[in-house]
Every structure is written in structure tokens, then in C-alpha cells.
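What follows is a set of notes on a single structure, which appears directly below.
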Amino acid sequence: MGSLRRSHRCGEVMSSAVGSEVVLAGWVHRRRDHGGVIFVDLRDKTGLVQIVFRPESTPEAHARAHALRSEWVLMVRGVIERRSDDTINPNLPTGTIEIDVRELRILNSGSVPPFAIEDETDVDEQIRLRHRLHDLRRAPLQRALQIRHDLARAVRESLSSQGFMEIETPILARATPEGARDFLVPSRHHPGQFYALPQSPQIMKQLFMIAGCDRYYQIARCFRDEDQRADRQLEFTQVDLEMSFVGVEEILAVLERVTLEGCQACGVVLPTPFKRITYAEAMGRYGCDKPDTRIQLELVDLTSEFSTSEFKAFRDVVAGGGIVKALPIARADELTRGEIDRLEKFVRKELGAKGLGWIRVEADGSWKSPITKFLGAAETAAIEKRCQVEPGMVILFQADAKDKANAILSRLREDIGRRLGRVDGRAWDPLLVVDFPLFERDEKGQLTYVHQPFVAPVEEDLPLLDTDPQKVRGTHYDVVLNGTELGSGSLRNHRSDVQRKVLAIMGYGPEKMEQSFGFMLDALDTGAPPHGGFAFGFDRWVMKLAGSESLRDVIPFPKSQRGQDLLMEAPSPVDEGQLEELSLRVRLAPV
RNA sequence: GGGCCGGUAGUUCAACCGGUUAGAGCACCGGCCUGUCACGCCGGAAGUUGCGGGUUCGAGUCCCGUCCGGCCCGCCA
């Protein structure tokens with residue numbers, strides 16, 4: 001650069017007057033070389049500005065400008081000029097001006113970029129991840145990083161002003177047998193022993209409450225060695241918070257405020273107060289505990305109607321503890337026979353459905369369907385009434401285990417609802433889901449926790465712990481935004497006797513309880529205050545605000561689905577000496 | 001662990017039923033061009049068809065295996 005220093009950023013040059021001299025720096029976005037005059041679009045994170053090289057004004061700079069190539073790094077000194085009316089570019093915020101270059105400094109050349117740096121790209125994601133530095137230069141990713149920053153800052157401001165203190169917790173923590181797989185870190189000093197990266201600061205934040213910190217928060221990195229999804233990465237960031245001497249309502253108030261203020265900082269105004277729905281109602285109407293309620297299709301439960309049906313296939317499902325549910329779709333002409341066949345193939349192959357029952361109601365009111373021949377008058381009347389049958393309607397059915405039938409119909413509801421545009425006009429749909437059950441049965445029939453083992457039962461349900469634990473509601477709640485779970489929280493058990501009872505119901509004998517949770521139980525006994533809190537999936541929140549479909553578009557250096565960093569090529573083998581020092585030997589499974 | 005989709009030039013795609021020398025746009029390289037903004041015109045170079053094996057007279061194309069990317073189930077909360 002020599003002694004030259006930038007005076008403006010490219011997108012902000014309009015703040016200076018026409019005729020004034022400016023010094024700009026950035027990357028060559030595009031060069032248009034007319035042999036005579038040469039135009040270059042100069043780009044930095046703030047945008048583009050056109051710089052002009054004229055042979056008659058600066059022959060020396062002009063001569064060298066022929067050699068400029070995409071993604072070279074320049075600094076130029078020049079004068080802001082107003083463009084003539086016929087050369088104004090209305091697509092560019094700086095399109096009314098250009099910079100007449102007086103001096104060119106080439107700060108760096110660059111290799112030929114693997115793909116063009118443009119807002120819209122159809123480049124394969126594998127290529128984008130391998131060339132992440134070029135990908136990150138694209139405006140959508142720059143915007144996502146800006147949103148991350150704006151959101152993090154707003155969250156810190158909001159929580160600080162509500163009396164929360166940011167405290168860090170260790171990254172080298174202890175392995176936990178519960179929950180997700182741990183990432184392990186070998187200890188050099190303790191051969192054969194390992195730290196674990198935290199799956200979340202859950203236990204540590206409860207310890208803060210017990211230690212009298214009153215209100216804690218942290219923007220915390222979490223690690224879970226589980227298979228990934230579009231909305232799940234191996235490492236991710238949580239806005240984690242915990243507070244003492246509160247009930248659910250106080251937490252929800254904080255939650256609503258920080259959600260609101262966070263979104264607001266990113267230009268999104270959410271409607272308040274947030275709607276609330278119970279878990280039972282969400283599952284009933286939408287088949288899903290994180291519904292996008294902007295989609296105006298709802299499920300209809302016909303389980304009891306089919307419990308005595310002549311239709312053996314459905315009746316047997318009900319007899320076996322399953323459910324029968326329907327998804328009525330009015331004005332469904334678009335769902336042709338071929339389309340329904342495709343849906344059936346989809347739910348069978350992708351979601352493991354047994355099939356897809358359907359009824360089409362013709363214009364004359366007659367039913368066309370492969371299942372009507374099995375239906376008696378009672379079921380026909382029930383469907384007619386419960387689904388509010390009308391001409392043009394298509395009704396889809398699932399009879400299966402409760403979770404499966406709900407999952408399938410919920411997915412169909414979302415896909416079809418979006419495709420047919422059955423949405424209300426709201427851009428943002430925040431929702432609080434409350435009254436989750438505390439326990440559910442695992443595959444072995446044992447009661448286990450739905451969310452995590454420290455969730456406190458709803459106080460009035462405490463007696464049910466002894467009589468009918470499956471009916472016990474937890475103090476757990478989720479916040480859902482546009483069909484994505486942003487985060488969840490609960491009150492925690494602060495008395496060890498209640499915690500012990502909960503653990504006992506989940507099959508923990510005294511010994512195992514002590515081994516797995518003795519530390520926490522002892523901590524509670526030192527005088528734990530009533531407390532509870534919340535954790536947001538920060539990356540998902542950014543994803544929603546950025547309008548992205550994938551976490552990988554809001555994380556600067558994400559992992560691929562198989563957990564690799566394609567830029568830095570992690571994970572990687574390590575030197576034998578490094579393993580030796582850690583007392584490790586690698587034994588690969590026989591091929 | 002399982003299902004599905006994909007992998008051809010730097011990149012995005014094409015290549016019929018298995019058949020001649022694997023083509024095109026953009027990018028790249030060279031030349032020309034003084035008002036473009038996806039500049040234009042002329043020319044050129046560019047390929048281990050992800051990898052390995054098999055079938056075949058002949059494989060980008062069919063079969064098996066494997067690696068990689070993506071979506072989903074399981075898993076995860």
C-alpha cells in the first residue's frame with residue numbers, strides 16, 4: 001500500500017461529494033476492457049463501485065489495468081465523477097457515480113477463481129465448501145455473518161439489561177453416559193483417560209445457580225458426535241441461560257423479550273405476545289411438536305371411529321395401540337392421481353409408511369378411492385363430518401403407530417401446504433409449545449426422559465409420579481419459529497428427593513443413580529435454589545433470520561454431512577509421536 | 001446402521017438403445033475494440049467421464065464394489 005490509506009469502503013463512497021478525491025481498496029469483481037477505456041467493478045464487503053481507467057488521463061495506470069484479473073486486490077486513488085444520465089446503472093447503489101482513477105496500486109494478484117463471486121450461485125456445494133474462501137466472499141454469506149454478529153450483540157445487550165451475567169464454562173469437560181455421543185480428548189497426563197467436549201453447558205449452568213450466580217448466560221459452543229442434518233452440525237452455538245427463584249412464566253417473559261430484541265436487531269419484528277399451544281394440541285392438530293401454524297391444513301384424528309370398523313387394516317392398527325388420522329385438503333384439484341401416487345411412493349420409501357390411503361371427493365359429491373369399499377356407513381359418516389367433506393377435497397390417511405402416522409402426515413401437511421400455497425400471509429410465526437410430557441417409553445418399554453433428566457415436573461402433577469408417571473407433565477417448553485425449533489427450556493429439579501424420584505422412575509437403581517448423577521444430587525443438597533432456564537440454537541436462529549435452508553449457509557466453516565471440513569481437511573491422521581505421547585494406539589476395524 | 005438423489009473440461013450442463021475423434025455456455029489464454037456494467041467480436045487451449053473391478057467386439061452409458069457431496073429415517077433435543 002505504501003503510504004496510501006483507504007478513505008472509504010466501496011459501498012460507502014456515496015457519502016463523499018462528487019469531485020472529491022478518494023482512496024478505495026478491494027477485489028476486482030469484473031473487468032470490462034474496451035481497449036481504450038477500461039471499467040473495473042471494485043468490490044469489498046460493503047458493495048461494488050465502478051472505477052474507470054482512461055488512456056488519456058493516466059496512461060501508466062491504464063496500461064497496467066489491461067493485466068487486471070478477477071479477484072486481484074487493488075488500491076486506487078481517484079476522483080468521484082457523476083455519470084452521464086445515459087450511463088447510470090440503476091442496479092447498483094453506487095450506480096450514479098464512478099471513480100476516475102489517477103493512481104493504481106496492485107496489492108496482490110490472485111489465482112483464477114473456481115467460480116464467479118455472485119449472489120446467486122448454482123455451484124455444487126462440495127465445490128463451495130472446498131473453496132470456502134471464495135464462497136465466503138459472496139454477499140449472502142457475508143450477510144449471514146453480519147446477522148450472526150448483530151444477533152449475538154443484541155442477545156448480549158438484552159440479557160445484560162435483564163440482569164444476566166455472561167460466564168464461560170470449560171470446553172474440556174467430563175464425559176457423560178447420557179444423551180449424545182461425546183467427542184473425546186485424550187489426556188496426556190492421565191493415560192487412558194479422556195476429557196469430553198460439552199454437549200451443552202446444562203450441568204454447569206445449574207451449578208452456577210446453586211453457587212448463587214442468580215442469572216447466567218453464555219453464547220456457548222456445544223459438541224455432539226451424532227449424524228448431521230441440514231439443521232444439525234457436529235459443533236454448534238447455543239444462547240444458554242439460567243435463572244434462580246423463578247417459575248415458568250418469568251422464564252418465558254425473558255425468553256420472549258430476548259427473542260423479540262434479537263430478531264429486531266436483524267430487522268425482523270415479531271408479533272407479541274407469542275401464541276401458546278400445548279404439546280397435546282400441537283400433536284393433535286399438526287402431528288408435530290414444532291408446527292408452522294401459517295400452513296392452514298390440519299389433521300383429523302379418526303382413531304376412535306375406526307376402533308370398531310369393518311375395515312380390518314385400520315381396525316387392527318387401532319387394536320395394536322396405533323392411530324388413524326386424516327389430512328383433508330380442500331380444493332385439491334392439483335393433487336392428481338399421478339401426484340398422489342408420487343406422494344405414496346415418497347412416504348413409503350422415505351418415511352417408511354405402509355401405504356397412503358386417500359379419498360377424492362368428485363364435483364358431484366361422490367367418492368373415488370381405493371379404500372371406500374372397506375368403509376361402513378358409520379366410518380363414512382364420521383369422515384364426512386369430521387373432515388367437513390366438500391367437492392374437490394382430497395383426504396389422505398395414515399393408520400400406524402402414533403409417532404409414525406403423525407410424522408408422515410405432518411410432513412405431507414407441510415409439503416402440500418407449501419406447494420398449494422395454503423398459508424396465511426404472516427412472514428413470522430413464533431410459537432411457544434408447553435406442557436410436554438415428562439416421560440416417554442423407550443424401545444424396551446422403559447420410561448425415559450423426553451428432553452433431559454433434570455426437567456422438573458409440573459407442580460400439580462407431582463402426585464402422579466407415584467400413580468401414573470406417564471401422565472406427568474414436565475415444565476418444559478419449546479420456542480418455535482416458522483416450524484423450526486429455536487430452543488427449549490424448563491424448570492429444573494432443585495430438590496434432590498424429587499430428582500431421585502424422577503430418576504428412579506426412569507429405572508435408575510441407587511447405585512447407577514449415584515454413579516451417573518451423584519455429583520448433581522450432592523450439589524442440589526448443598527442448597528439449590530429453585531431455578532430454570534433456556535437454550536437457543538443460535539445457528540438455527542440465524543438461519544431463520546437469513547432465510548437459509550441450511551446451517552451450512554450461516555456457519556463460516558461448516559462440516560460436510562460426514563463430518564469433514566473440506567477446506568482444512570479435518571479430521572486428519574496425526575503423527576505416530578503425537579499418539580505415543582497420549583498413550584494412544586489406533587486399531588482400525590478389519591475390512 | 002439404512003433408504004433415496006447425484007459425481008463428465010476450472011464451472012454449469014449435454015452426449016439417443018452400449019457404437020466414429022466425449023460436445024456446448026460461462027470462466028481461462030491470445031488478438032481486436034474509448035462508455036461498458038453478465039461489454040462485444042475473432043481465435044485458442046482445456047477431459048484419468050470420482051476410483052477399482054466385471055460384462056461386451058466395443059462402456060461416460062450396463063453390473064458389482066468403493067470414495068465423495070446432498071436429502072431423509074434411525075440417532076440427536
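Reckoned from all heavy atoms, side chains included, excluding hydrogens, waters and symmetry mates. Below, chain A is the first sequence line, B the second, and so on; all start at residue 1.
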Is there a donor and acceptor pair, one atom on the side chain of Arg32(A) and one on the base of C33(B), closer than 3.5 Å?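 Result: no qualifying N/O pair found.
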
At less than 3.5 Å, do the side-chain atoms of Arg130(A) and the base atoms of G69(B) form a donor-acceptor pair? no

Centroid separation under 6.0 Å, is that true for the rings of Phe53(A) and His66(A)? no

5' precedence on RNA chain B between Arg31(A) and Ile127(A) (nearest-nucleotide basis):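 In this pair, the answer is Ile127(A).
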
Protein-to-nucleotide contact annotation, 5' to 3' order, nucleotides 70-77 of chain B [B base; S sugar-phosphate only; - none; under 4.0 Å, heavy atom]: BBSBBBBB

Sort out the partner of G23(B) for me: Watson-Crick or G-U wobble, both distances under 3.5 Å, none otherwise. C13(B)

Looking for any heavy atom pair under 4.0 Å, which part of the strands does [X] touch: base, sugar-phosphate only, or nothing?
X: Asp225(A); answer: nothing
X: Leu566(A); answer: sugar-phosphate
X: Pro113(A); answer: nothing
X: Asn89(A); answer: base

Taking the side chain of [X] as heavy atoms from C-beta outward, which of [options] is closest to it?
X: Val37(A); options: A27(B), A38(B), G35(B); result: G35(B)
X: Glu98(A); options: G69(B), U34(B), G35(B); result: G35(B)
X: Val123(A); options: G35(B), G69(B), U11(B); result: U11(B)

Between C1' of U8(B) and CG of Asp124(A), the distance in whole Å: 13 Å

CZ of Arg69(A) versus P of A27(B): gap in Å, rounded?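 Whole-Å distance recorded here is 12 Å.
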
Taking only the [atom1] atom of each, what is the distance from [N] to [M] in whole angstrom?
N: C73(B); M: U61(B); atom1: P; value: 33 Å
N: U56(B); M: G69(B); atom1: P; value: 35 Å
N: A24(B); M: C67(B); atom1: C1'; value: 29 Å
N: C17(B); M: G54(B); atom1: P; value: 27 Å
N: C39(B); M: C63(B); atom1: P; value: 43 Å
N: U49(B); M: C42(B); atom1: P; value: 32 Å
N: G1(B); M: U66(B); atom1: P; value: 12 Å

Whether Phe39(A) stacks on the six-membered ring of U36(B) base, 5.5 Å and 30° limits: yes

Stacking check His34(A) vs C39(B) (5.5 Å / 30 deg):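 The base of C39(B) is stacked with His34(A) (centres under 5.5 Å, planes under 30°).
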
Could you tell me whether Arg130(A) and Glu569(A) make a salt bridge, using a distance below 4.0 angstrom between a side-chain N and a carboxylate O?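 Here Arg130(A) does not pair with Glu569(A) in a salt bridge, since their nearest N and O are not under 4.0 Å apart.
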
Is it true that Asp461(A) and Lys471(A) have a side-chain N and a carboxylate O under 4.0 angstrom from each other? no

How are the rings of Phe534(A) and Tyr477(A) set to each other: parallel, tilted or perpendicular (split at 30° and 60°)?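 If you compare the ring of Phe534(A) with that of Tyr477(A), the planes turn out parallel.
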
Has Lys404(A) got a side-chain atom pairing as donor or acceptor with Gly352(A)'s backbone, closer than 3.5 angstrom? yes

With Gln452(A), the side chain to side chain contact (heavy atoms under 4.5 Å, CB included) member among His476(A), Arg492(A), Glu178(A):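 When side chain to side chain contact (heavy atoms under 4.5 Å, CB included) is applied between Gln452(A) and each of His476(A), Arg492(A), Glu178(A), only Arg492(A) qualifies.
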
Hey, mind stepping through Thr448(A) and Asp442(A) against side chain to side chain donor-acceptor pair (under 3.5 Å) and telling me if it holds? CA-CA 6 Å; Thr448(A) 182; Asp442(A) 66 15; 5.4 Å; no

Answer yes or no: does a side-chain N or O of Arg30(A) lie under 4.0 Å from OP1 or OP2 of C39(B)?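 Indeed, a polar side-chain atom of Arg30(A) lies that close.
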
With Phe236(A) via ring pair (Phe, Tyr, Trp, His ring centres under 6.0 Å) - residues at least two apart: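 Here no residue qualifies.
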
